[in-house]
Amino acid sequence: MRAIVLDRDRVAVRTDHPEPSLRHDETMVQVLCAGICETDLQLIRGYMGFHGVLGHEFVGVAQTGPLAGRRVVGEINCSCHRCHTCMAGRPTHCPHRSVLGILNHDGAFADFIAVPQRNLHAVPDSMPTDVAVFTEPVAAAFQIPDQLAIKRQDHIVVLGDGRLGNLCAQVLAGLSRHVLVVGKHVSKLTLLRSLGLSTCLLANRPDDHSADIVVDCTGSPSGLPTALNLVRPRGTIVLKTTVAGDQTMAWAPVVIDEVTIVGSRCGPFDRALIALETGEVDVLPLMSGRFDLAHGVEALEHAAKPGMLKVLLDVSQS
Ligand SMILES: [Zn+2]
Ligand SMILES: [Zn+2]
């Protein structure tokens with residue numbers, strides 16, 4: 001089959017990649033469309049030391065199992081569902097897990113992907129594939145209200161106007177009246193304003209320790225120190241993006257201001273599908289390019305350019 005394979009730091013489209021072999025709990029999914037995410041770009045730079053087929057945001061058609069013939073999206077953590085962590089209700093933290101396209105499991109930039117049956121969610125028939133392909137990052141945004149009680153009067157600052165910052169801001173704007181997105185890109189901030197959000201340029205940020213919650217979606221080592229200048233004493237910083245490598249910073253302000261720092265990763269797919277179906281979250285304006293799988297290397301280069309939001313890979317027709 002065709003696949004975009006990362007081998008050390010080299011990415012290539014292969015036409016002779018073997019089809020995935022199915023484990024007993026897995027279903028074969030024919031991929032229709034996949035989204036390129038910041039994590040894919042980080043993996044190419046060496047994050048996690050991953051090699052194999054990239055891609056974890058996808059819509060496909062289940063080939064086997066109870067959803068055979070239906071369009072599906074898939075949660076990315078493949079957990080054992082037997083260990084203490086899984087039994088305690090934290091399967092996304094299973095120490096034995098693999099992660100689609102990220103850790104010890106081939107991903108979705110390919111004609112076929114093997115996905116645990118229990119990870120699959122049917123896509124509503126009325127939902128376009130181009131909308132459904134955003135389920136995984138929208139679910140990640142919904143992880144924030146799963147971890148924190150958010151009140152209507154909370155003042156929330158989202159740092160970063162990129163793909164994930166945009167989606168987190170849209171989700172949080174459904175819960176709080178005061179969401180401000182701070183970013184560096186005029187065009188991305190303009191898009192956010194057209195979606196009804198308040199924005200401000202990084203240079204004009206309100207550095208007055210007034211935010212109840214700051215969500216760092218910058219993917220940059222400067223995100224956390226900036227967040228510490230925005231958050232109020234006993235406020236909360238949510239770290240939504242991973243930064244490869246080590247970070248050095250002054251930690252005393254965290255202690256002095258009694259700031260809570262919350263790491264936040266994968267979230268609820270069922271909630272994301274509802275938000276996409278009802279239009280609570282508007283994803284189509286984020287699309288900034290589409291390529292077919294054969295041009296996957298160009299697609300990845302395009303996604304890494306400044307100003308890009310979501311680049312899609314068309315894999316096959318439904
Ligand atoms: Zn992703
Ligand atoms: Zn487990």
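We count ligands from 1, going down the list as the structure has it; atoms in each ligand are counted the same way. All figures in this text were calculated on a predicted structure; none of them were measured in a lab.
- A donor atom on one side chain and an acceptor atom on the other are not found under 3.5 Å apart for His155 and Asp212.
- Residues Glu57 and Lys310 are paired through a salt bridge, judged by an N-O separation under 4.0 Å between the basic side chain and the carboxylate.
- At distances below 3.5 Å, at least one donor-acceptor pair connects side-chain atoms of Gln63 with backbone N or O atoms of Val61.
- Here the angle centred on the Zn ion (ligand 2), running from SG of Cys94 over to SG of Cys86, is 110°, rounded to 10°.
- Ion pairing between Arg271 and Glu280 holds under the 4.0 Å rule for side-chain N and carboxylate O.
- The NE2 atom of His56 and the SG atom of Cys37 subtend an angle of 110° at the Zn ion (ligand 1), given to the nearest 10 degrees.
- For the Zn ion (ligand 2), the set of nearby N, O or S atoms under 2.8 Å includes one belonging to Cys80.
- Distance check for His96 against the Zn ion (ligand 2): none of its N/O/S atoms falls below 2.8 Å.
- No other N/O/S atom of Glu57 lies as close to the Zn ion (ligand 1) as OE2 does.
- Contact annotation: Cys83 places an N, O or S atom under 2.8 Å from the Zn ion (ligand 2).
- Gln117 and Thr27 form a side-chain donor-acceptor contact under 3.5 Å, judged by distance and modelled atom types alone.
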